[in-house]
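The structure under discussion appears below in the form of structure tokens.
Note on naming: letters A, B, ... go to the chains in the order of the sequence lines (proteins, then strands), and numbering restarts at 1 for each one. Computation of the quantities below employed the complete heavy-atom set of this structure, encompassing side-chain atoms and omitting hydrogens, waters and symmetry-equivalent molecules.
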Amino acid sequence: MIVLENPLLEDAIVDEDDGENSVEEMEIVGALKSGKISEQGIKTISHVNNIPKLKERLEAIQMKLPWIETMDVTVDLKVPTEEMKLVINDNFKQEMLFYKQSQIGAQQSIARLKSLGITTQRPEDFFAEMVKSDEHMKRIKEKLISKQLTMERTEKVTKMRKMKKLGKKVQQEVLKKRAEDKKQMLDNVKKIRKGKADQEEADNFEINTEPETSSGKKKEINRKRKAKDSKYGFGGKKKIAKKNTQESYKDVSSFSSRIHSKPKRSAKNDKRKGGKPQRPGKIKRANMKSKSKSK
Amino acid sequence: MPDDLVVAQPPEDSVPSKKRKRPKSAEKKGKKKKGVDVANPVKKMTWTNKQRALVFAARGITFHARHLMNDLKVLMPHAKSDSKLERKEGLYAINEICEMKNCNMTMFFEMRKKLDLFMWLSMVPNGPSARFLVQNVHTMDELRLTGNHLKSSRPLLTFNKAFDEQPHLSLIKEMLKQMFATPNMHPKSKPFYDHVLGFTYLDGRIWFRNFQITDQTEGSLVEVGPRFCLWLIKIFSGSFSGNVIYENPNYKSPNQYRTELKIAASHRYKAKAEKNAKKAAVEIVPKEDELDEIFHTITQDELKQAG
């Protein structure tokens, strides 16, 4: 018989002294599985399964209490054995099995509670401490949100990547088309140049030798040109543009008292002393020249 | 079970004034129910089942195991706690501790090598008791599950059919039932039903799950946690004592499992080494060079021999 004295020390201590007694007992019970000595004298590993004792112990601890004290339900899910093997090897299926069992059990129990006339649902204004604190739930929520965000972000990035790839292709096509157009245009120009002599002929036949400009492409704007045009003017009338108008007459913004209110410099009241003598006038110089020549 | 635990009804004054409200409401409910259904077998809603469970651990359990224990305590309003058991005290001392704490059953955790968590379930004075290896432990805190329920609402228990098929399992079922079921009208419990505990016997192990009932009419559930699974090792007839009345034939101790892994690894190494040795043993014979003969001078003797 196996007697447990200190389970911390050893799982089981086999006491062989009272072996005979126990063997007899077990044989009567019909559940003998304890150590047998084989022909070689080697003890084979065996396992105790004392069914009557188990049943006796069960009866001893069972309490005759109404169902409401324990509220337990046994659920038979009726999973075929073949499928059971699959369930064991598949975590997801396993969890599904647990869920189903609890779901069916809960439904049965709640129906039974209701039939006993017991309110099961908590009123909405009943607040009490929960198993998980608000802080914990907040953490869970944050985790969920961050998970969702990362998923969205990754989705966005993959989409962008795809778009970028597609955009590259489109751009390549556009560049190719542009190059082709340019080539065609140059060809046309060459043709025109070559066939200038035959222009009349072409005119006669109403052949449009110039490339079509209405291809939908906009002409590129030369920004520098535009700025200069706005500064210096381009096109339009030139004749009257520089004439004074009433407004320009009244406009005195260009007047500066510092410059314009000074007395005019003349030879007489030139206060500059020293320096270079003033250059004589044109006629004077000519006369001076002729005089010196005649000498 | 000691006699003092089966007290029929506590005196009214013994119920703390803070918690008096609940029994009152229950009485009201009882009245209502009487008005509705006279033939009901449940007569009066009073706290008659005075079972208490001592949930504690031995010294040397890791924080993870302690968290699991605390999670279970939260789920059991009828649980009492105690300081950790010293190693020198021995398991039999648990019976005395339970008696002192007025508990008629205990859930005791111990850890070996800071690796393997074992759980004892015992009905205290007279047994039986069972020892399990606890595997796949996930505490409520580490599982980021969205479910939540009232702290001490009474759980609905579900078992699968496999528990009724073998005598040792039906005994375990009865023990689990008494351990996890909160007694009706327990002063710490709340009179609503919003969570289910699922015990499933699958693959030789007992799997534990805790679900919140989100919709009672449809019966939709959300998991709350914790998760663990129990691997039965032995059942003893007494409480931390007595004969072994069941021994799991499929149980393999974690130590044995680890040594087997090591042996398998060493086999792998040996096989590899042997293969390498074989490779090395094959001698490389150099090829004869045909051009060597060109420079061979034929001697007179050789000519004679050739005839």
Taking all heavy atoms of A:H47 and all of B:N248, pick out the closest pair and write down the distance.
ND1-O, 3.8 Å
When every non-hydrogen atom of A:S102 is compared with those of B:T158, the smallest separation belongs to OG-OG1, 3.7 Å
Between A:E69 and B:N184, the two heavy atoms sitting closest are OE1-N, 2.9 Å
Chain B-proximal positions within residues 161-177 of chain A [heavy-atom distance under 4.5 Å]
none
Answer with side chain, backbone, both or neither: which region of B:F118 has an atom nearer than 4.5 Å to a non-hydrogen atom of chain A?
neither
So A:M71 and B:T182, do their side chains get closer than 4.5 Å, heavy atoms only?
no
Please identify, among B:L197, B:L171, B:V224, the residue contributing the most non-hydrogen atom pairs under 4.5 Å to chain A.
B:L171
Indicate the atoms forming the closest heavy-atom contact of B:R154 with A:I68, along with that distance.
NH2-O, 2.5 Å
Could you measure the distance from the NZ atom of A:K55 to the OG atom of B:S170? Nearest 0.5 Å is fine.
8.0 Å
Side chains of B:L156 and A:I110 in contact at under 4.5 Å (non-hydrogen atoms):
yes
Between B:H149, B:E223, B:H195, who has the most heavy-atom pairs with chain A when the cutoff is under 4.5 Å?
B:H149
Output the option from B:L202, B:I213, B:V74 having the highest count of non-hydrogen pairs under 4.5 Å with chain A.
B:L202
What is the distance from atom OH of B:Y246 to atom CG of A:N50, rounded to the nearest 0.5 Å?
12.5 Å
About how many Å separate CD of A:Q121 and CG of B:D215, when rounded to the nearest 0.5 Å?
7.5 Å
Which pair of heavy atoms, one from A:K53 and one from B:S237, lies closest together, and at what distance?
CE-CB, 3.9 Å
Given heavy-atom pairs under 4.5 angstrom as the criterion, report whether the side chain, backbone, both or neither of A:L113 touches chain B.
side chain
Chain A: which of B:T200, B:I235, B:L75 shares the most heavy-atom pairs with it under 4.5 Å?
B:T200
Heavy atoms only: give me the nearest A:I61-B:G127 pair and the separation to one decimal.
CG2-O, 3.6 Å
Quick one: NZ on B:K161 to CG on A:L77, what's the gap to the nearest 0.5 Å?
11.0 Å
Against chain B, residues from residues 140-152 of chain A with at least one heavy atom under 4.5 Å, in numeric order, are A:I140, A:K143, A:L144
Look at B:K177, B:K173, B:Q212, B:Q166 and state which one has the largest set of heavy-atom pairs under 4.5 Å with chain A.
B:K177
Say whether, by atom type as modelled, one donor and one acceptor occur between the side chain of A:Q107 and the main chain of B:E218 under 3.5 angstrom.
yes
Heavy-atom proximity to chain A below 4.5 Å, by part of B:S153:
neither
For chain B, which residues of residues 81-99 of chain A have heavy atoms nearer than 4.5 angstrom:
A:M84, A:V87, A:I88, A:Q94, A:E95, A:L97, A:F98, A:Y99
Qualifying residues under ring-ring contact (aromatic ring centres under 6.0 Å, His included), relative to B:F163, sequence neighbours excluded:
B:F159
Pick from B:M123, B:E174, B:M175 with the largest number of heavy-atom pairs that fall under 4.5 Å of chain A
B:E174
Within 6.0 Å of NZ in B:K73, more than 12 heavy atoms from elsewhere
yes
Near A:M137 CE, under 6.0 Å, is it more than 12 heavy atoms from other residues, nucleotides or ligands?
yes
Rounding to 0.5 Å, atoms CD1 (B:I172) and CG (A:L54) come to a distance of 9.0 Å
Supply the atom-to-atom distance B:Y193 OH to A:T119 OG1, rounded to the nearest 0.5 angstrom.
7.5 Å
Main-chain N/O of B:G198 paired to A:Q101 side chain as donor or acceptor, under 3.5 Å:
no
Just by modelled atom types, is the B:M140 backbone N or O under 3.5 Å from a matching donor or acceptor in the A:K132 side chain?
no
Is it the case that over 12 heavy atoms from other parts of the model lie below 6.0 angstrom from the CZ atom of A:R223?
no
